[in-house]
Amino acid sequence: MIFSKFLQYQPTFTTLQKNGIAILFTLLLLPTFLVFTVSIGLDPSWILGLNISVFNNQIFGEDYIFTYGVLGFLHTRCAYNFSKWYLLLFDFLILINVYWIIKSGIQKISFLYQYIVFSLVLLILVKFNFFIFFALAELIMICGAGMLLCSIQQKNFYYFISFTILCALAIHIKISYGFLLFILFFVGFAYIFWQKTFLRVWLIIPLLLYFSIFLGISFYFKVNIAGYIVEGSEIISGYNEAMFLVTKPFHLFLALIFTILFLISMFFEYKNCENKIFFLLIFFSIGLSLFYTFKAQFVRAEGRQMVFFGCVSAIYGLYYLQLNKPLFVSKIFFFLIIVISIIFVIDNKIKQKSFELSAVFSVSYLTDIFTDISYKNTISKEDKEKIKLPEKIIHIIKNGSVDILPTEISLINIHNLKYNPRPIPQTYSAYTPRLDSLNANKYLGKNAPDFLIFDNNQTIDNRYAFWEESKTKLAIFTNYELVYSQKQTEELPFDEKFYLLKNPDVAEAFYRKEIKNGYEHYIKHGKAEGRIASPDYFGMLLFKRKTTPKKLHTKTLKKTTEQLGKVIKIDENKNFVYIYPKIKYNTLGKITKFLYRPPLVEAKIKYEDGQEQVFRAIVPILRGGIFINYKIISNVEAQSFFEHNFKQSLTNNKKIKEITFFSKDESLFLTKDFEVIWEEKSLIE
């Protein structure tokens, strides 16, 4: 009886009160901070490098290729070389869209329990908003889908204009969700034109506005539009194959259940609805948001899948609000989504020991607005001491242009160097042979940097560092000479903070409590993998561009057919031996790669002394060719490679005797047989 009355109770809120509720929840969705503090390390480096490249007028899509575009700083929140007011204006655009969506939702509900459910959905989204680098993309996708649907349902032309601006900006912020919003804009535009939602002549305005903003930004920042889209798509494809992490089966199973129930709900609602064309648009818009959120958070599953469970309630809530009379199955699913999302929120916050309500009450965002934030654009003295360059390197470089390998772009900021980056600015990000070739061509071309600083021979996710940018490393070998090698000392005190900073994959394992500390990882794995234990153990290498490059002769040795799980013997050869394993996905593997991620492939290497190591093998990188006959793990071994004269074997490197490529999922997703091309590269005297 009481429950029945509760369900039927209709509170009376005035229009002013409803607007107040919408404003409150909009403010709660403010980011946790306005401006990112620059630092050192893998992620802070690319964030900083992105801003430096925009400021230096690098041509995006040509000189600089990345998943983020010229407006990427709006997402990363880095104000280095830019005013914080750009960030504030962008946030205002997002928040005004959020406000309109929330306001539209509040106007459609009548009962008290609906207000409670609506509030819970928004609070769940609020609690996950501290993942500023992860959740902002989802928030933008939700805003895009929401504003399109609201503009059509309410026949509000201003909503569609706001949606247009968001879509036009998004493609220059980040290529992935910008491309999806590009598709959503033109699908929505076609629907509105066909259904005559607005006067057709009015549609000239959003069309002109979209292209004016998109082309205007491209012209102002000198974006190579074709290159940006084509190469950006290449990075997205490569990222999916190279950067995935295996998630917990339970989380994946739960996400799959959500998707199936969502499709079931859609099926019954479609049969029940009157305007089936509009319902298909709802399905497309919400489905696109759901698909992006799943891919963005489950491919690189390092805790990010929690964001999926935080955002999915808002995505489904947006869908639910479009239904005039939701069926029972939709109500039940909506309820389940909210309950499970709340469980994930509570569990996540308990682990983080963080229960602040929002950025508004932590005041960090508001503080950034009204105070001087210049200190956030300066790397701290403590961090500078950890990775500063030797005086000898600075003296040699003088005013020459510089690029950094593999990742520590923050050195450019610390020493005020003249940055001349290769197109894909961090080694691990050159996921495909095409991307690697673009970097190699830079070092072989007229606009190559004068100097290269080889920071360390390391990478992420237990990948084999020297296999990455294999063409680029050959370009260094032929077009550059080693002019300085920092002395390495073996016996140094272990630096825990430094080790976790330089090894993000180890840091993630530590935060997930898979290891006790970084030292445990270093003793068990890191030392053998050649990981650096202390900032004094850098062994930096400095290369200078040659006036007369070396020339290499490439000879095809043989073509063989190998099998996954079977040993491949490596013949002795004092020259460089490269192999090109053409490992392929079967039909199911290709489908799984598109919808989720590809299977994990690994490589077991056996050295001449009988020792073995297992590394992750990135399929597109393998196809681009990998150096195979000598071990190159440490900087000392890398230096031996770059100084090799082909008159004798690499003296500081163990020979590789065997390699085995294998996968636990080979029977399901991979073809067992694969072709291998063997090449020898020797010096032309």
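Excluded from the calculations below are hydrogen atoms, water molecules and symmetry mates; all remaining heavy atoms, backbone and side chain alike, are included. It should be emphasised that the depicted structure is a prediction, and the values quoted were computed from it without experimental measurement.
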Peer 1: Are Phe60 and Tyr228 near enough that their ring centres are under 6.0 Å apart?
Peer 2: no
Peer 1: Going through the checks in order, is the ring pair (Phe, Tyr, Trp, His ring centres under 6.0 Å) test met by Phe669 and Tyr585?
Peer 2: CA-CA 6 Å; Phe669 304 113; Tyr585 307 114; 9.1 Å; no
Peer 1: What residues form a side chain to side chain donor-acceptor pair (under 3.5 Å) with Arg463, not counting sequence neighbours?
Peer 2: Glu468
Peer 1: Does Arg597 come within less than 4.0 Å of Glu241, counting only side-chain N to carboxylate O?
Peer 2: no
Peer 1: Please answer whether the main-chain N or O of Thr407 pairs with a side-chain N or O of Gln426 as donor and acceptor at a distance below 3.5 Å.
Peer 2: yes
Peer 1: Apply salt bridge (Lys or Arg N to Asp or Glu O under 4.0 Å) to Lys376 and list each qualifying residue two or more places apart in sequence or on a separate chain.
Peer 2: Asp368
Peer 1: For side-chain hydrogen bond (donor to acceptor under 3.5 Å, both in side chains), just list the numbers for Lys295 and Asn240, CA-CA rounded to whole Å, side-chain angles, deciding distance to a tenth of an Å, and then say yes or no.
Peer 2: CA-CA 9 Å; Lys295 287 282 284 187; Asn240 190 55; 2.9 Å; yes
Peer 1: Are Tyr596 and Phe244 an aromatic pair, judged by ring center distance below 6.0 Å?
Peer 2: no
Peer 1: I'd like to check Phe157 versus Ile192 (side-chain heavy atoms, cut-off strictly below 4.5 Å). Are they in contact?
Peer 2: no
Peer 1: Do Phe298 and Phe308 pass the ring pair (Phe, Tyr, Trp, His ring centres under 6.0 Å) test, and can you show the C-alpha distance, the side-chain angles, and the key distance before you say yes or no?
Peer 2: CA-CA 8 Å; Phe298 270 86; Phe308 172 82; 5.3 Å; yes
Peer 1: Check ring pair (Phe, Tyr, Trp, His ring centres under 6.0 Å) between Tyr86 and all other residues, then give those that pass, not counting sequence neighbours.
Peer 2: none
Peer 1: Roughly how far, to the nearest 0.5 Å, is CD1 of Ile409 from CD1 of Ile52?
Peer 2: 7.5 Å
Peer 1: So which atom in Ile337 and which in Ser313 form the shortest heavy-atom distance, rounded to 0.1 Å?
Peer 2: CG2-CA, 3.3 Å
Peer 1: Show your reasoning for whether side-chain contact (heavy atoms from CB on, under 4.5 Å) applies to Ile414 and Ile40.
Peer 2: CA-CA 9 Å; Ile414 291 171; Ile40 62 175; 4.1 Å; yes
Peer 1: Is the side chain of Ser470 donor-acceptor paired with the backbone N or O of Gly625 at a distance under 3.5 Å, no angle test?
Peer 2: yes
Peer 1: Check whether any side-chain heavy atom of Ile618 lies under 4.5 Å from a side-chain heavy atom of Val601, and answer yes or no.
Peer 2: no
Peer 1: I'd like to know if the side chain of Ser237 reaches the main chain of Ser233, judged simply by a donor and an acceptor atom lying under 3.5 Å from each other, with no hydrogens or angles considered.
Peer 2: no
Peer 1: Are Ile453 and Asp403 packed together at the side-chain level, in the sense that at least one heavy-atom pair is separated by less than 4.5 angstrom?
Peer 2: no
Peer 1: If you define the side chain from C-beta out and look only at heavy atoms, does anything of Tyr64 sit under 4.5 Å from Pro421?
Peer 2: yes
Peer 1: Tell me, yes or no, whether the heavy-atom count around Lys582 atom NZ, taken from other residues, nucleotides or ligands under 6.0 Å, exceeds 12.
Peer 2: yes
Peer 1: Return the orientation label for the Phe160 and Phe198 ring planes: parallel under 30°, perpendicular over 60°, tilted otherwise.
Peer 2: tilted
Peer 1: Run the side-chain contact (heavy atoms from CB on, under 4.5 Å) test on Val223 and Tyr220 for me, step by step, so that the C-alpha distance in whole Å, both residues' side-chain angles and the decisive distance to 0.1 Å come before the verdict.
Peer 2: CA-CA 8 Å; Val223 177; Tyr220 181 80; over 6 Å; no
Peer 1: Compute the ring centroids of Tyr316 and Tyr319, then answer whether they are less than 6.0 Å apart.
Peer 2: yes
Peer 1: Tell me, do Gln153 and Tyr159 make a side-chain contact under 4.5 Å, heavy atoms counted?
Peer 2: no
Peer 1: More than 12 foreign heavy atoms under 6.0 Å from CZ of Phe291: is that the case here?
Peer 2: yes
Peer 1: Measuring from Ser39:OG to Leu48:CG, what's the distance to the nearest 0.5 Å?
Peer 2: 10.0 Å
Peer 1: Tell me if the CZ atom of Phe179 is crowded by more than 12 foreign heavy atoms within 6.0 Å.
Peer 2: no
Peer 1: Which residue in the set Leu166, Asn156, Leu209 passes side-chain contact (heavy atoms from CB on, under 4.5 Å) when paired with Ile161?
Peer 2: Leu209
Peer 1: Does Leu405 form a side-chain contact (heavy atoms from CB on, under 4.5 Å) with Glu469? I'd like the steps, not just the answer.
Peer 2: CA-CA 10 Å; Leu405 294 94; Glu469 283 194 300; 4.0 Å; yes
Peer 1: Does any N or O in the side chain of Lys84 come within less than 3.5 Å of the main-chain N or O of Ile369, such that one atom is a donor and the other an acceptor?
Peer 2: yes
Peer 1: Say whether, by atom type as modelled, one donor and one acceptor occur between the side chain of Asp383 and the main chain of Ile379 under 3.5 angstrom.
Peer 2: no
Peer 1: Which residues satisfy the salt bridge (Lys or Arg N to Asp or Glu O under 4.0 Å) test with Asp63, sequence neighbours excluded?
Peer 2: none
Peer 1: Can you tell me how far CG of Asn447 sits from CG of Asn441, rounded to the nearest 0.5 angstrom?
Peer 2: 12.5 Å
Peer 1: Given side chains that start at C-beta, do those of Phe182 and Cys167 come closer than 4.5 Å, heavy atoms only?
Peer 2: no
Peer 1: Has the side chain of Asn479 got a donor or acceptor atom that lies under 3.5 Å from a matching backbone atom of Tyr443?
Peer 2: yes
Peer 1: side-chain contact (heavy atoms from CB on, under 4.5 Å), that's the test. Do Ile140 and Phe90 meet it? Break it down for me.
Peer 2: CA-CA 11 Å; Ile140 291 172; Phe90 178 68; 3.8 Å; yes
Peer 1: Can you tell me how far CD1 of Ile171 sits from CG of Leu71, rounded to the nearest 0.5 angstrom?
Peer 2: 11.5 Å
Peer 1: As a quick check of understanding, evaluate ring pair (Phe, Tyr, Trp, His ring centres under 6.0 Å) for Tyr210 and Phe186, giving each step before the final call.
Peer 2: CA-CA 10 Å; Tyr210 182 91; Phe186 283 100; 5.6 Å; yes
Peer 1: Mark yes or no for whether Arg616, through its side chain, and Leu600, through its backbone, hold a donor-acceptor pair below 3.5 Å.
Peer 2: no
Peer 1: Considering only heavy atoms from C-beta outward, does the side chain of Met141 approach that of Thr293 to under 4.5 Å?
Peer 2: no
Peer 1: For a quick check under 3.5 Å, do Tyr428 and Gln458 share a side-chain donor-acceptor pair by atom type?
Peer 2: no
Peer 1: Holding to ring pair (Phe, Tyr, Trp, His ring centres under 6.0 Å), I want the full list of residues that pass it with Trp85, two or more places apart in sequence or in another chain.
Peer 2: none
Peer 1: Does the side chain of Tyr292 reach to within under 4.5 Å of the side chain of Ile315, using non-hydrogen atoms?
Peer 2: no
Peer 1: Verify, without hydrogens or angle tests, whether Ser45 (side chain) and Ser410 (backbone) share a donor-acceptor contact under 3.5 angstrom.
Peer 2: yes
Peer 1: Can you sort out the partners of Phe82 under ring pair (Phe, Tyr, Trp, His ring centres under 6.0 Å), two or more places apart, ordered by chain and number?
Peer 2: Phe73
Peer 1: Any chance the side chains of Tyr68 and His172 put a donor and an acceptor closer than 3.5 Å?
Peer 2: no
Peer 1: Under 6.0 Å between the ring centres of Phe211 and Phe214?
Peer 2: no
Peer 1: State, to 0.1 Å, how close Leu622 and Ala617 come at their nearest heavy-atom pair, and which atoms those are.
Peer 2: CD1-CB, 3.8 Å
Peer 1: Does one side chain, of Arg422 or Thr427, offer a donor that lies under 3.5 Å from an acceptor on the other?
Peer 2: yes
Peer 1: For Thr259 and Ala255, indicate whether the former's side chain and the latter's backbone hold a donor-acceptor pair under 3.5 Å.
Peer 2: yes
Peer 1: For Asn420 and Lys442: C-alpha separation, side-chain torsions, deciding distance, then whether side-chain hydrogen bond (donor to acceptor under 3.5 Å, both in side chains) applies.
Peer 2: CA-CA 10 Å; Asn420 184 10; Lys442 169 76 175 188; 2.8 Å; yes
Peer 1: Is it true that a side-chain atom of Asp436 and a backbone atom of Lys471 form a donor plus acceptor pair closer than 3.5 Å?
Peer 2: yes
Peer 1: Does the structure place the NZ or CZ of Lys473 under 6.0 Å from the centre of the six-membered ring of Phe466, at an angle of no more than 45° from the ring's axis?
Peer 2: yes
